[in-house]
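This one's a predicted model, so the numbers in the text were calculated from it and none came from an experiment. Counting starts at 1 for both ligands and their atoms, in listed order.
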Amino acid sequence: MLVLVINSGSSSLKYQVRDVAAGTVLTEGLIEKIGMGNGGGGDGEIEGPRDHAEALELVDAAIHQELGGLELGAVGHRVVHGGERFAEPVLIDNEITRAIERLNPLAPLHNPANVLGIRAITRKWPDMPQVAVFDTAFHRTLPEHAWRYAVPDELYTNHGIRRYGFHGTSHEYVARRSAALLDLPPEEFDGVIAHLGNGASVTAIRGGQSVDTSMGFTPLEGLVMGTRSGDLDPSILVFLGRAGWTPEDIDSMLNRESGLKGLAGNNDMRTVVEAAESGDAKAAMALAVASYRLAKYIGGYHVAVGGAKALVFTAGIGENSSQFRALVADRLGALGIELDAGLNAKRSREPRVISAPSSAIPVLVVPTDEERAIAEATAAVVGSNR
Ligand code: AMP
């Protein structure tokens with residue numbers, strides 16, 4: 001089956017056409033500046049599509065040009081927030097679309113854009129099966145003691161304030177591939193997965209299920225990220241509010257100006273590592289803070305899992321930065337974790353072991369592929385609804 005995978009943002013639409021059985025990408029692209037007009041009409045400025053429907057026309061034209069008259073079997077949407085309702089990918093109908101829309105307050109930047117993508121497809125291809133694959137769904141197995149915040153119950157019952165977790169599609173996919181690499185059935189995999197991209201989260205997996213994860217009510221909680229602070233004392237927000245900062249000021253500072261960028265002036269791990277290697281003290285400190293925070297989570301999740309059988313690195317930094325992996329592993333001696341320097345330094349696109357034989361548990365690098373996971377889930381849901 002050919003699946004069109006759509007990641008619809010407020011002003012962008014990312015797409016891939018995938019052959020699910022072959023596991024290949026037939027074509028892909030990114031439409032940007034949706035609804036932004038021509039930005040002043042200066043020389044060389046491209047006028048963006050007016051809305052998501054127009055963006056979809058561009059996608060359709062690009063796919064046609066690349067692949068001719070192929071027949072799409074389904075569309076799979078990356079949907080950020082599935083709230084408490086969605087624990088699995090679902091076939092979309094009007095009721096499901098409205099349910100996703102009702103979750104808008106929980107993900108005000110993302111879910112409305114996801115719904116625009118869904119509605120654009122519904123209008124253009126009314127008979128096309130569409131599947132929603134939720135970033136939160138894999139974490140619906142978190143036990144209550146892991147998803148509760150210790151605040152008055154009314155905040156949960158009236159406002160849905162609890163921990164949801166994100167990056168679920170990636171964590172689930174990487175857990176399955178890690179189990180395969182270790183020759184285990186997925187339901188016997190106990191491990192800790194560190195998804196380290198521009199956004200970063202770590203998940204505790206027990207029996208193939210998520211039992212804790214570092215992102216919470218929003219993707220801001222947890223690790224030090226490219227531009228997000230991760231955990232901090234909530235009283236800081238109260239302090240800043242009293243000092244005159246608006247909610248928008250605080251939101252922007254924590255989500256866009258913090259993390260590696262806040263500490264080292266740059267959100268790109270490659271730049272920060274290079275700066276640290278050439279003696280930049282701020283960059284070295286940023287790496288120390290980020291690796292220390294992650295190591296603390298890994299230690300905690302080792303306990304949550306009841307003894308991890310593997311530690312797994314994935315996503316842009318996890319897959320590519322041998323330096324950052326080494327910094328984290330150096331802090332995990334108490335768990336008996338030991339990397340093989342040669343294996344860690346080797347570059348490869350394949351899932352692999354990078355620990356020394358003497359390491360208490362294997363350390364793996366397993367490349368993630370969220371689009372592939374979405375395409376596979378979409379084909380499976382459509383197949384089971386035939
Ligand atoms: P992602 O969000 O998964 O695309 O990951 C983005 C992050 O991966 C950025 O911080 C990049 O600096 C980092 N990254 C990508 N390639 C490399 C590389 N070769 N070495 C170190 N970091 C990398």
Side-chain angles (χ1 to χ4, degrees), residues 5 7 9 12 14-16 25 28-30 32 78 80 109-110 133 135 138 165-175 177-178 193-203 213-215 218-230 255-278 280 282-291 293-294 312-330 339 341 343-352 354 363-374:
V5 177
N7 186 348
S12 68
K14 223 167 122 183
Y15 68 93
Q16 267 193 2
V25 181
E28 62 187 327
L30 171 69
E32 289 181 290
R78 171 169 194 253
V80 166
L109 292 181
H110 295 106
V133 181
D135 233 25
F138 183 55
F166 298 86
H167 287 152
T169 307
S170 173
H171 284 295
E172 180 177 27
Y173 176 80
V174 170
R177 287 190 88 186
S178 303
I193 297 179
H195 174 115
L196 311 175
N198 204 23
S201 68
V202 54
T203 291
T213 191
S214 59
M215 285 177 169
T218 73
L220 184 55
E221 192 177 340
L223 303 176
V224 176
M225 310 183 209
T227 62
R228 292 187 205 131
S229 63
N255 280 293
R256 291 196 282 281
E257 304 298 332
S258 296
L260 294 179
K261 185 175 176 197
L263 292 172
N266 196 296
N267 69 317
D268 191 304
M269 182 55 89
R270 275 166 294 206
T271 311
V272 177
V273 167
E274 278 164 24
E277 284 172 350
S278 48
D280 182 325
K282 281 192 173 165
M285 184 267 301
L287 294 177
V289 175
S291 61
R293 180 90 57 91
L294 174 55
V312 189
F313 288 98
T314 192
I317 297 166
E319 291 166 31
N320 296 301
S321 182
S322 55
Q323 297 94 331
F324 191 70
R325 291 193 300 252
L327 285 174
V328 175
D330 281 349
L339 294 190
L343 293 176
N344 184 41
K346 217 177 91 187
R347 300 193 64 84
S348 160
R349 293 294 308 149
E350 293 304 311
R352 60 198 186 275
I354 58 166
V363 180
L364 316 180
V365 174
V366 175
T368 190
D369 190 342
E370 287 176 275
E371 284 79 14
R372 180 181 182 146
I374 292 169

* Heavy-atom cut-off of under 4.0 Å around ligand 1: list whichever protein residues fall inside it, by chain and number. => Gly197, Asn198, Asn267, Asp268, Met269, Arg270, Ala315, Gly316, Ile317, Asn320, Ser321, Arg347
* Asked: When you measure from the side chain of Asn266 to the backbone N and O of Val272, does any donor-acceptor pair fall under 3.5 Å?
  -> no
* To do: Show your working on side chain to side chain donor-acceptor pair (under 3.5 Å) between Thr368 and His167 and close with a plain yes or no.
  => CA-CA 11 Å; Thr368 190; His167 287 152; over 6 Å; no
* Asked: Is it true that the side chains of Thr227 and Glu257 contain a donor and an acceptor less than 3.5 Å apart?
  -> no
* Donor on one side chain, acceptor on other, Asn320 and Arg347, under 3.5 Å -> yes
* **Electrostatic pair Arg270-Glu274, nearest N-O below 4.0 angstrom** => no
* Asked: Should the pair Glu28-Lys14 be classified as a salt bridge under the 4.0 Å nitrogen-to-oxygen rule?
  -> no
